[in-house]
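Here's the structure, in structure tokens; my notes come after.
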Amino acid sequence: WTRFFFLTRALLGRFLSPILSPVSSQGDGGMSVSMQESDLARAQLRGEERRDHTARSVRDALAARLGIDPKELGQVPADTATRALANLNLTLERLRQLEEEAALDELTGVYRRGHGMMILTRELRRTFRSPDERLVVAFIDVDGLKRFNDTMGHAEGDRLLTDLTAALTKRLRSHDIVFRYGGDEFVCILPGANLAGSAPIFAAVAEAFAEGGPERCFSVGLAELKEGDTPEGLVARADTVLYTARADAAGRAAEKAQR
């Protein structure tokens, strides 16, 4: 019986070993699977946290664009908020382009009067905040444009205006502003400039403009910003200087003709 017992145990051991080994291995694998599931759950949690953070960021950006409290957007899904923000940005960019196009004069490419006066208002406010800052406004009027149109045609008159604005933008600084005030009148804004430094600039513009012919000339009036000036008042003062200078020039020409 003793030999039978040991023989039986040995046989059972050989028979059960292949069966029991996988059971033990399966137990280790179960622990590994459990750890993998735990890692996956943590990764999913981190992913959800990132998505929640992204959704809040997108909603915050959208609310900022709309000028409202982010709470008013509630629990808007991130993808919906992202699409809405993208569409809103495209719309605002298109509106900016349209506003810029509407601000430009179709013929000359410089700013229109309304936009130019808005820029002048902004520049005056900026200059008044800095006591040492200066600013000059130039009022320009093309001489004899009506006569030029009558003799040469309106197409040539248009070319005269475009040539003038080209001469101005070429010789003025990059941050100076030129806008069409009306018809054959233009206004230039020269931030940081004074009268002594501005006069030679427009003398050079007049010389370049006249290269196309003796009939190509303009009159200019310069006014430097003073305390209490308004945009309209500063432009009017430059306009007055222009007409005073033009009248003086006409008087001198008449006296010379009489001699």
Side-chain angles (χ1 to χ4, degrees), residues 103-113 115-117 119-120 123 127 133-226 229 231 234-259:
L104 296 178
D105 178 62
E106 294 179 359
L107 175 63
T108 61
V110 300
Y111 289 120
R112 295 179 186 269
R113 177 174 176 170
H115 193 76
M117 292 300 292
I119 294 176
L120 180 58
E123 288 297 325
T127 305
E133 279 291 321
R134 294 180 174 181
L135 182 141
V136 167
V137 161
F139 197 99
I140 294 173
D141 189 357
V142 178
D143 294 334
L145 180 62
K146 183 180 184 305
R147 184 176 63 254
F148 189 86
N149 284 335
D150 292 340
T151 57
M152 304 296 293
H154 286 276
E156 289 299 319
D158 289 345
R159 184 177 302 174
L160 194 72
L161 296 178
T162 57
D163 287 349
L164 172 59
T165 54
L168 286 168
T169 54
K170 182 177 180 179
R171 284 159 180 79
L172 292 175
R173 299 165 300 177
S174 59
H175 60 279
D176 293 334
I177 301 297
V178 180
F179 65 92
R180 190 175 183 181
Y181 195 74
D184 57 352
E185 299 171 334
F186 296 87
V187 170
C188 303
I189 307 170
L190 287 72
N194 57 24
L195 294 178
S198 301
I201 296 175
F202 291 97
V205 173
E207 183 178 351
F209 184 56
E211 290 177 357
E215 72 284 352
R216 296 161 63 94
C217 56
F218 63 83
S219 300
V220 58
L222 302 177
E224 188 170 345
L225 181 66
K226 296 180 179 178
D229 269 337
L234 183 57
V235 171
R237 189 149 51 83
D239 188 21
T240 300
V241 173
L242 181 154
Y243 280 99
T244 300
R246 179 178 281 175
D248 292 343
R252 289 194 299 270
E255 289 178 3
K256 186 176 179 179
Q258 290 175 358
R259 292 176 184 174

Least distance between heavy atoms, [X] atom then [Y] atom:
| X | Y | answer |
| --- | --- | --- |
| I140 | C188 | CD1-SG, 3.9 Å |
| L222 | A138 | CD2-CB, 3.4 Å |
| R113 | F179 | CA-CD1, 3.8 Å |
| V110 | V178 | CB-O, 3.4 Å |
| R237 | A223 | NH1-CB, 3.8 Å |

Within a 6.0 Å radius of atom [atom1] on [X], are there more than 12 heavy atoms belonging to other residues, nucleotides or ligands?
| X | atom1 | value |
| --- | --- | --- |
| E215 | CD | yes |
| R173 | CZ | yes |
| R134 | CZ | no |

In Å and rounded to the nearest 0.5 Å, what is the [atom1] to [atom2] distance from [X] to [Y]?
| X | Y | atom1 | atom2 | result |
| --- | --- | --- | --- | --- |
| L145 | L161 | CG | CG | 5.5 Å |
| L172 | I177 | CG | CD1 | 10.0 Å |
| D176 | L168 | CG | CG | 10.0 Å |
| L225 | N194 | CG | CG | 12.5 Å |
| H175 | L190 | NE2 | CG | 7.5 Å |
| M117 | I119 | CE | CD1 | 11.0 Å |

Those residues that, when tested against D163, pass side-chain hydrogen bond (donor to acceptor under 3.5 Å, both in side chains) (two or more places apart):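 By the side-chain hydrogen bond (donor to acceptor under 3.5 Å, both in side chains) rule, D163 matches R216.
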Please list, chain by chain and in numerical order, all residues satisfying side-chain hydrogen bond (donor to acceptor under 3.5 Å, both in side chains) with Y111, sequence neighbours excluded.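 Per chain and number, Y111 pairs via side-chain hydrogen bond (donor to acceptor under 3.5 Å, both in side chains) with no residue.
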salt_bridge(R246, D143) N-O dist < 4.0 Å: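 D143 and R246: salt-bridged.
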With the threshold set at 4.0 Å, does a side-chain nitrogen-carboxylate oxygen contact exist between D229 and K226?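 K226 and D229: not salt-bridged.
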Any side-chain heavy-atom pair of D184 and F218 under 4.5 Å: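 They are not in side-chain contact.
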With a 4.5 Å heavy-atom cut-off, do V205 and V220 have their side chains touching?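 They are not in side-chain contact.
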Anything under 30° is parallel, anything over 60° is perpendicular, the rest tilted; go ahead and classify F139 against Y181.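 F139 and Y181: perpendicular rings.
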Which residue is it: T108, T165, D105? I am looking for the one with a side chain to side chain donor-acceptor pair (under 3.5 Å) to R180.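 It is D105, the one option of T108, T165, D105 that forms the side chain to side chain donor-acceptor pair (under 3.5 Å) with R180.
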